[in-house]
Amino acid sequence: MGKKVLPVKLYRHEIRYRSGNLYCENVPLEKIAREVGTPVYVYSKKTILEHYRKLKRALSSLNPLVCFSVKSNSNLAVLKTLARAGSGFDVVSGGELYRALKIGADPKKIVFASVGKTDAEIRTAIQKGIFCLNVESLPELDRIEEIGGALEKTVRVALRLNPEVEALTHHYVQTAKSESKFGITFTEARKIFYHLEAFPHLLLRGVHIHIGSQILESRPFVTAVRRTVSFIEDLRKNGIRIDWLNIGGGLGIVYSNERAQTPEEYARAILPLLRKRKLRIILEPGRFIMGNSGVLLSRVIYVKRQSGKNFLIVDAGMNDLIRPSLYGAYHEILPLKASDGRQKETYDVVGPVCESGDFLAKKRKLPTFFEGESFAVLAAGAYGFVMASNYNSRPRAAEVLVSGNRFEIVRRRETIQDLVRGERIPRWV
């Protein structure tokens, strides 16, 4: 008799079981774990493009400029994939701007946010001719005016408003409450727009909002956009020209059993507020495009049973994926070999880092795991590798991009030697 073929069960788009093996597109993840080693991040090119195109299509009547949020995943191969599909980029540092320009991104499709832009970052952004700088404070506006004047350039800027909307998400990723460091109040912004003569080197014709991340319902977006559009219309009635509105990002995804809104549902909620406004619309998705496009592969080093608890001690730690420790985030864990017929046990899945907060999951009911067995941590494509560190002097993981039945290492695993590159011991030590 031939080998029994198990039914395909879809987990996260292109991450699914086939014939008892977990695949990314047409590549068995066990093959990547074996040939590249673990821990390793794996991204699906097909899923990245599908998510980008779904959002673009849902808002097609507005012809939006979609600027991928580089902070969610800054791998050059990921950025190049999106640039070739027509994406622009939302950057928040000089390093992210460098990455976007390095892969050939069109500067006119780059927007630069951040509450703490340095003079060097502002100068580079102006010299490279990016679309605009999103300004977060009056002192920053003054600084850009000064640098623009010194460079004899007219600089496109947008004011980031704080619409004071509370999104139902983790408080660390809420960015539009009154106590947040982000954005400018409507009152302060109105004063700035009514005194544009103070900024002769700025083309201040844009408004920017971003209310947070991993937002699962449309209500906060609707509230924020409605308030912002009302503000814009009030400015226009008083002779102030506003040409573009950046509505930010923040669309949530499914990590566990969440009910996340689809791009179509999101579009149905906000399109009525934006049609006929004669505004160029910009948006900044990151997690929506990358979250479920990637997984983290890890391997069980030891199975430890003690005081009635079961621990899976694995080779990926909080320095590889900090979201569980930082946010209490949930990531589904699947064995690379189908677990049908296995008993289930309750585990704490913990890493090798010397911190009590080093874990990927706690009190998680999983199939019985064995030493040496590899597994996938799902929904790790966004805010995974970009937040990794070398804590405990641990080299950072490799990154792999999959396309169909091909895969390639798009960032090599760091070596022990990489850990001390750039360091030196003074002679007087």
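- The line from OH of Tyr43 to OG of Ser293 is 10.0 Å long, rounded to the nearest 0.5 Å.
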Note to self: side-chain contact (heavy atoms from CB on, under 4.5 Å), that's the test. Do Val386 and Ser74 meet it? Break it down for me.
What the structure shows: CA-CA 7 Å; Val386 287; Ser74 61; 3.6 Å; yes
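- With contacts defined as side-chain heavy-atom distances shorter than 4.5 Å, the pair Phe193/Leu235 qualifies.
- Between His210 and Phe182, a ring centre-to-centre spacing not shorter than 6.0 Å is recorded.
- Taking the side chain as every heavy atom from C-beta outward, Asp358 and Pro352 approach each other to under 4.5 Å.
- At a threshold of 4.0 Å, the pair Arg160-Glu136 counts as salt-bridged, since one of the basic side-chain nitrogens sits closer than that to a carboxylate oxygen.
- Without hydrogens or angle criteria, Ser93 side chain to Glu96 main chain gives a donor-acceptor distance under 3.5 Å.
- Side-chain polar atoms of Asn319 and Ser389 form no donor-acceptor pair below 3.5 angstrom.
- Remark: Lys71 NZ is packed, more than 12 non-hydrogen atoms of other residues, nucleotides or ligands lying under 6.0 Å away.
- Judged by distance alone, with hydrogens and angles left aside, the side-chain atoms of Glu25 form a donor-acceptor pair with the main-chain N or O of Lys46 at under 3.5 Å.
- Within the 4.5 Å cutoff, the side chain of Val40 has no heavy atoms near those of the Leu296 side chain.
- Around NZ of Lys153, the count of heavy atoms belonging to other residues, nucleotides or ligands within 6.0 Å does not exceed 12.
- Under the 6.0 Å distance and 45° angle rule, Arg280 counts as a cation-pi partner of Phe131.
- Counting heavy atoms of neighbouring residues, nucleotides and ligands inside a 6.0 Å radius, atom CZ of Arg34 exceeds 12 of them.
- Residues Phe89 and Val111 fail the side-chain proximity criterion, which asks for heavy atoms closer than 4.5 Å.
- In Arg143, the CZ atom is not crowded: 12 or fewer heavy atoms of neighbouring residues, nucleotides or ligands sit closer than 6.0 Å.
- In the displayed structure, Arg84 atom CZ is contacted under 6.0 Å by at most 12 heavy atoms of other residues, nucleotides or ligands.
- In this structure, the side chain of Thr124 engages the main chain of Ala120 through a donor-acceptor pair within 3.5 Å.
- Atom CD of Glu408 has 12 or fewer neighbouring heavy atoms from other residues, nucleotides or ligands inside a 6.0 Å radius.
- Summarising the geometry, atom CG belonging to Leu159 is positioned 9.5 Å from atom CG belonging to Asn134; distances are rounded to the nearest 0.5 Å.
- Among all heavy-atom pairs drawn from Val402 and Val27, the shortest one is CG1-CG2, 3.8 Å.
- Remark: Arg190 engages Asp234 in a salt bridge, criterion side-chain N to carboxylate O under 4.0 Å.
- Note: Ser137 OG to Lys117 NZ = 8.0 Å, rounded to the nearest 0.5 Å.
- Taking the side chain as every heavy atom from C-beta outward, Ile282 and Trp244 approach each other to under 4.5 Å.
- Ring geometry, Tyr347 versus Phe369: the interplanar angle exceeds 60°, so the pair is classed perpendicular (tilted spans 30 to 60°).
- Summarising the geometry of Pro324 relative to Leu321, their closest heavy-atom pair is CD-O, 3.6 Å, with the distance given to 0.1 Å.
- Ile130 CD1 to Leu101 CG: the interatomic distance, rounded to the nearest 0.5 Å, is 8.5 Å.
- Between the side chain of His51 and the main chain of Phe288, a donor-acceptor pair closer than 3.5 Å is present.
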Note to self: Test side chain to side chain donor-acceptor pair (under 3.5 Å) on Glu414 and Asn390; report intermediate values, then the result.
What the structure shows: CA-CA 10 Å; Glu414 285 184 334; Asn390 292 124; 2.9 Å; yes
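- Judged by distance alone, the side chains of Asn26 and Arg18 do bring a donor and an acceptor atom under 3.5 Å apart.
- Of the possible donor and acceptor atoms, none in the side chain of Glu188 sits under 3.5 Å from a partner among the backbone N and O of Thr185.
- Looking at heavy atoms from C-beta onward, Ile313 lies out of side-chain contact with Val300 at the 4.5 angstrom threshold.
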Notebook entry, point to check: Run the side-chain contact (heavy atoms from CB on, under 4.5 Å) check on Leu283 and Leu251 step by step: do they pass?
Noted result: CA-CA 11 Å; Leu283 63 154; Leu251 279 169; 5.8 Å; no
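- Of the residues Arg99, Arg411, Glu399, the one that meets the side-chain hydrogen bond (donor to acceptor under 3.5 Å, both in side chains) test with Asn75 is Glu399.
- Summarising the geometry of Ala269 relative to Pro272, their closest heavy-atom pair is O-CD, 3.8 Å, with the distance given to 0.1 Å.
- Under the 4.0 Å criterion applied to side-chain N and carboxylate O atoms, Glu35 and Lys31 are assigned as salt-bridge partners.
- In this structure, Lys45 NZ and Ser403 OG are separated by 4.5 Å, a value rounded to the nearest 0.5 Å.
- A side-chain N or O of Glu284 and one of Asn246 form a donor-acceptor pair less than 3.5 Å apart.
- The line from CD1 of Ile15 to CG of Leu378 is 7.0 Å long, rounded to the nearest 0.5 Å.
- Side chains of Glu355 and Tyr391: a donor-acceptor N/O pair is present below 3.5 angstrom, by distance only.
- Between the Lys80 side chain and the Ile103 main chain, a donor and an acceptor come within less than 3.5 Å of each other.
- The aromatic ring centres of Phe221 and Tyr266 sit less than 6.0 Å apart.
- Between the Arg277 side chain and the Leu273 main chain, a donor and an acceptor come within less than 3.5 Å of each other.
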Notebook entry, point to check: When you look at Ile147 and Ile126, which way does the side-chain contact (heavy atoms from CB on, under 4.5 Å) test go after all the steps?
Noted result: CA-CA 9 Å; Ile147 294 171; Ile126 294 172; 4.0 Å; yes
Next item on the list: Begin with the C-alpha distance, continue with both residues' side-chain angles, and end with the deciding distance and a verdict on side-chain contact (heavy atoms from CB on, under 4.5 Å) for Phe112 and Cys132.
Entry: CA-CA 7 Å; Phe112 194 152; Cys132 85; over 6 Å; no
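- In this structure a side-chain-to-backbone donor-acceptor pair under 3.5 Å is present from Asp106 to Lys108.
- With Leu59 as reference, Ile270 is the one residue of Ile270, Ile281, Leu274, Val66 to meet the side chain to side chain contact (heavy atoms under 4.5 Å, CB included) rule.
- Contact of the Val410 side chain with the Leu76 side chain is not registered, since no non-hydrogen atoms from C-beta on lie closer than 4.5 Å.
- Although no hydrogens or angles enter the test, the distance criterion places a donor-acceptor pair under 3.5 Å between the side chain of Glu265 and the main chain of Thr262.
- When side chains are defined from C-beta on, Leu271 counts as touching Ser61, because their heavy atoms get closer than 4.5 Å.
- Arg287 and Ser213 are linked by a side-chain donor-acceptor pair at a separation below 3.5 angstrom, with hydrogens and angles left out of the test.
- Asp348 places no side-chain N or O within 3.5 Å of a backbone atom of Lys362 that could act as its donor or acceptor partner.
- Minimum heavy-atom separation, Leu216 to Gly252: CD2-CA, 4.0 Å.
- Salt-bridge check for Arg396 with Asp418: failed, with every basic side-chain N at 4.0 Å or more from each acidic carboxylate O.
- Few gaps surround OH on Tyr194; more than 12 heavy atoms of other groups in view lie less than 6.0 Å from it.
- Checked against the 6.0 Å centroid threshold, Tyr330 and Tyr255 do not count as a close aromatic pair.
- The minimum heavy-atom distance between Pro39 and Ala316, with the atom names listed, is CB-CB, 3.9 Å.
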